Structure formats: C-alpha cells, structure tokens
Amino acid sequence: MRELNEIKNDLDSGSRELIKLLKKRLDCAAELMEYKKAYGLPLFSQEEDLCYESLYNDIKDHVYEEELRKIFKHVGKAEKAVQGKSLFHSNIALIGFMGTGKSTVSKYLRDMLAMKEADTDSMIVQEQQMEIKDIFAQYGEEYFRNCESNAIISLQNCRRTIISCGGGAVIRDENVKNLKKSSRIVLLTASPETILERVRYSDERPILNGNMNVEFIKGLIDKRAAYYERAADITVETDCKSVQQICEELVASLIRFEAEAENERERK
Ligand code: S3P
C-alpha cells in the first residue's frame with residue numbers, strides 16, 4: 001500500500017488539476033455563447049445535449065459510472081448558469097393575460113438559463129395561507145392587488161430570477177416601475193380562443209369564474225392591452241408554438257433588446 005502522505009498529495013494535486021480543467025470547461029462554455037450571440041446561431045442546440053450522451057457511453061460499465069454521471073450532471077448545470085449569466089444579468093419578468101403560459105415558460109427558462117424562479121401568486125398564497133380565489137372572496141380584489149404590489153416590492157433585490165407575475169399586475173403603474181428597477185419585462189400573448197382552451201377547466205382564477213367565454217376574455221384583454229404594451233420591453237406570441245420555440249424566440253429577442261439598449265447607452 002502507498003504511504004498516506006503520497007495518497008494525500010495525489011488527492012490534493014488531483015483537485016487542483018480538476019479545478020483547472022473545470023475553469024477551462026466553463027470558460028469555453030461562456031465563449032461558445034458569445035460566439036453564437038455574435039454570429040446569430042441558435043443558442044441552445046440539441047447537438048450539445050447529445051455530446052453528453054456520447055460522454056456517458058464512454059463511462060458505461062465503469063466502476064464509478066454512477067458517480068461520474070452525477071458529477072457531469074452538475075457540470076452541465078454549472079455550464080448553463082455560466083452561459084445564462086453571460087446572456088442576462090437582470091431578472092426576467094413575465095407579464096401577460098391569464099393563460100398566456102407564464103408559469104410554463106418560467107419553468108422552461110429557469111432550466112434553460114439556470115436562473116431562479118419566483119411567482120407572485122404563489123408568494124401571496126404562501127404569505128396569506130389562502131388560495132387566490134378565497135382571498136378575492138373574503139377580502140376583495142383591492143386587498144389582493146395590495147398583496148401583489150408588496151410581493152413585487154419584495155422581489156426588488158432578487159438577481160437572475162424569472163418573475164412570473166399575475167395577469168393583472170401591470171395595471172398598477174407602481175408595479176411596473178418597481179419591476180423595471182431590476183427586470184426586463186417580457187409580455188406573453190395568446191388569442192382569446194387559445195386562452196379559453198388553456199384555462200377553461202380551472203376554477204382558480206376568480207376573475208374568470210362565471211365568465212369562461214371568448215367574449216369576456218377578449219373584452220378584458222382589450223381593456224388591459226395598453227397597460228401590457230406600455231410595460232413590455234419585448235413581446236412574444238405563444239399561439240401554436242411549443243414551449244421550447246417560445247423560449248428560444250424570447251431569449252433571441254431579449255438579446256437583441258439588450259444589444260439595442262447597449263448601443264443606445266453608448267450613443268449618449
Ligand atoms: C389575475 C390573474 C391571476 C391571478 C389572479 C388575478 C388577473 O394570475 O393573479 O387570479 O387579474 O389577471 P395568472 O395570470 O397567473 O392566472
């Protein structure tokens with residue numbers, strides 16, 4: 001058996017080598033993102049996920065296969081975080097009418113960009129220990145809107161978080177002002193027909209209960225449209241698109257928005 005000191009030295013130098021290699025790996029991941037951004041290439045390709053599969057083939061049946069797979073899963077996550085960081089530094093606030101897909105898009109973006117996730121409705125439910133429809137029924141809409149404004153204020157110090165806002169959040173100007181302090185605002189849209197399809201079997205939205213029809217949804221969208229449009233930095237239509245398509249379009253469009261904002265700053 002080898003001497004204890006020798007084993008410890010090897011462990012130590014192994015860690016140092018590993019750190020060096022991981023730094024190189026993460027630098028490359030960030031560089032790849034910059035390259036794709038600069039040349040307008042698709043940012044997240046399936047090809048790269050397949051690389052991991054071929055890597056896993058190399059370690060198949062190895063005595064440490066399970067451990068090595070776990071390590072690489074974390075490396076993959078760290079890589080996404082590095083790439084996400086190089087793309088966006090601010091939060092991404094998702095706004096839009098009920099049923100435009102904010103929660104679904106939020107989860108997908110969280111994984112795609114290794115960002116954190118917050119949802120104003122869930123925060124209110126947790127804080128009040130009551131469902132939204134019960135808050136409306138017991139205390140009224142104004143009380144709910146105050147909770148919503150407080151939830152948005154409390155998110156101001158978050159970093160790299162996807163903030164999914166309730167559909168009526170941007171009706172109050174103060175909410176938009178507070179969101180804009182730390183977030184880019186993305187408006188998701190869908191036709192009244194698509195919205196009805198997505199929400200018709202839920203009774204969680206008090207504003208729609210008893211109003212589950214295209215006419216009501218269309219009327220309320222029309223009333224709110226100016227608020228949504230005024231608040232939005234970018235808009236993404238969600239009809240007939242997969243969540244992956246929506247998120248890729250969203251990211252590409254936000255990158256363009258950031259680049260334009262950067263140019264604008266330089267011109268001033
Ligand atoms: C509302 C939308 C809901 C929720 C509440 C009020 C609205 O959130 O905040 O029922 O006024 O549009 P979702 O948009 O997530 O359904």
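Small disclaimer: the values here were computed from a predicted structure and weren't measured. Whatever order the structure lists them in is the order used to number ligands and atoms, beginning at 1. FYI, side chains are in, hydrogens and waters are out, and symmetry mates aren't considered; it's all heavy atoms of this structure.
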Got a second to check how far R230's CZ is from L187's CG, nearest 0.5 Å?
13.0 Å

Any atoms of ligand 1 less than 4.0 Å from a non-hydrogen atom of I207? List them with their elements.
7 (C), 11 (O)

Considering residues, nucleotides and ligands other than L11, do more than 12 of their heavy atoms fall under 6.0 Å from its CG?
yes

I need the atoms of ligand 1 closer than 4.0 Å to a non-hydrogen atom of D121, numbered in the order shown.
3 (C), 4 (C), 8 (O), 9 (O), 13 (P), 15 (O)

Are there more than 12 heavy atoms of other residues, nucleotides or ligands under 6.0 Å from atom CD of Q156?
yes

K102 heavy atoms, cut-off 4.0 Å: which ligand 1 atoms fall inside?
13 (P), 14 (O), 15 (O)

Numbering as shown, the atoms of ligand 1 that approach P206 to under 4.0 Å (heavy-atom distance)
10 (O)

Kindly check if the number of other-residue, nucleotide or ligand heavy atoms within 6.0 Å of NZ (K218) is above 12?
no

With atoms numbered from 1 as shown, which atoms in ligand 1 lie under 4.0 angstrom from a non-hydrogen atom of G166?
8 (O), 9 (O), 14 (O)

Taking E262 for the side chain and E258 for the main chain, is one N or O donor matched with an acceptor at less than 3.5 Å?
no

Here the gap from T235 atom OG1 to Y228 atom OH, rounded to the nearest 0.5 Å, amounts to 12.0 Å

Can you report which non-hydrogen protein atom sits closest to atom 16 (O) of ligand 1, along with the distance?
R205 NE, 2.7 Å

Which part of R224 is near ligand 1, with near meaning a heavy atom under 4.0 Å away: side chain, backbone, both or neither?
side chain

I need the atoms of ligand 1 closer than 4.0 Å to a non-hydrogen atom of R145, numbered in the order shown.
6 (C), 7 (C), 11 (O)

Would you indicate which of S164, G99, G168, C147 comes nearest to atom 1 (C) of ligand 1 when only heavy atoms are counted?
G168

